[in-house]
Amino acid sequence: MTTPTTFQGQLEIDIEGEGTVSLAPGQLYIVPKGVRHRPRARDEAHILLIEPTGTPNSGDPLTAAPRRVI
């Protein structure tokens, strides 16, 4: 599961097999677990991306951030 929310600018999320979701400031979208997607912005965008620890940032488990207790 990935949850991006937009604060400034426009964010587009390409969802494999389903098209593109566009987010304006203040909007939120939940990408279901296991769904391939690609977030992108044509211009600068300020976003908050919430995802579980260990989620690969490129689809490659070797790039996943290790779990840390803060």
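Computed from a predicted structure; not experimentally measured. Along the sequence shown, residues are numbered consecutively beginning with 1.
- Counting heavy atoms from C-beta outward, R40 and D14 have side chains that approach closer than 4.5 Å.
- Within the model, atoms CG of L23 and CD of Q10 stand 7.5 Å from one another, a figure rounded to the nearest 0.5 Å.
- The closest side-chain heavy-atom distance from S22 to L11 is not below 4.5 Å.
- With Q27 contributing its side chain and A24 its backbone, the two residues share a donor-acceptor pair below 3.5 Å.
- Proximity of R42 to E12: side-chain heavy atoms (C-beta onward) are separated by under 4.5 Å at one or more points.
- Residues T20 and I13 have side chains not in contact (no heavy-atom distance under 4.5 Å, counting atoms from C-beta outward).
- Minimum heavy-atom separation, G9 to P25: O-CD, 3.3 Å.
- Interatomic distance, L48 CG to F7 CZ, rounded to the nearest 0.5 Å: 5.0 Å.
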